[in-house]
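So the structure is just underneath, and the comments pick up after that.
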Amino acid sequence: PDEKLDLNDSKWEDIHVITGALKMFFRELPEPLFTYNHFNDFVNAIKQEPRQRVHAVKDLIKQLPKPNQDTMQVLFRHLKRVVENGEKNRMTYQSVAIVFGPTLLKPEKETGNIAVHTVYQNQIVELILLELNSVFGR
């Protein structure tokens with residue numbers, strides 16, 4: 001049965017509880033939102049010339065399963081609103097990318113330099129946030 005949540009309940013006052021749950025949901029998925037088999041493609045896309053990055057990322061997102069695309073669009077629109085309220089919540093494009101990059105996008109097997117992967121993971125999430133309308137259309 002669908003459980004109705006009352007977000008006015010005092011147990012939800014701490015925003016970290018909700019954001020932690022959101023991150024955990026995406027971290028616990030059997031496969032990341034940006035599927036394993038596309039990880040290297042996304043990394044290669046972000047390494048391209050700045051002008052080509054958006055187009056490359058957009059094309060890759062279109063190759064993902066439809067539920068992933070739909071979820072991604074809702075999530076990124078929400079995260080964009082979070083950044084737009086940055087005066088209140090002190091979250092920037094960069095900080096949101098740091099929080100969600102490694103959760104949404106990771107290689108199936110951690111090989112090589114994890115720090116390098118993290119840089120790309122963050123850059124990909126940041127690019128999508130910055131170019132939301134180009135990536136997902138209006």
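Applying the 6.0 Å contact sphere to CD of Q63 captures more than 12 heavy atoms from other residues, nucleotides or ligands.
Judged by distance alone, with hydrogens and angles left aside, the side-chain atoms of E108 form no donor-acceptor pair with the main-chain N or O of N37 at under 3.5 Å. Checked by atom type and distance alone, the side chain of E126 never pairs as donor or acceptor with a backbone atom of Y93 at under 3.5 Å. The closest donor-acceptor contact from the side chain of T71 to the backbone of P67 lies under 3.5 Å.
The side chain to side chain contact (heavy atoms under 4.5 Å, CB included) test with P65 singles out one residue from D70, T35, L33, and that residue is T35.
Annotation: side-chain contact (heavy atoms from CB on, under 4.5 Å) contacts of Q123 (sequence neighbours excluded): I46, V119, Y120. Listed by chain and residue number, nothing satisfies the side-chain hydrogen bond (donor to acceptor under 3.5 Å, both in side chains) test with T19 (two or more places apart in sequence, or in another chain). Partners of D41 under the side-chain hydrogen bond (donor to acceptor under 3.5 Å, both in side chains) rule, at least two apart in sequence or in another chain, do not exist in this structure.
Put simply, the side chain of R77 reaches to within 4.5 Å of the side chain of Q73, judged on heavy atoms. In this structure the side chain of P32 never reaches within 4.5 angstrom of the side chain of T103, judged on heavy atoms.
The aromatic rings of F34 and F76 lie perpendicular to each other, with more than 60° between the two planes, well past the 30° mark.
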Item to complete: Please assess F136 against K58 for the test side-chain contact (heavy atoms from CB on, under 4.5 Å), listing each intermediate value before the final yes or no.
Response: CA-CA 7 Å; F136 290 112; K58 181 178 183 168; over 6 Å; no
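No chain of hydrophobic side-chain contacts below 4.5 Å, direct or via other Ile, Leu, Val, Met, Phe, Trp or Tyr residues, connects V74 to L130.
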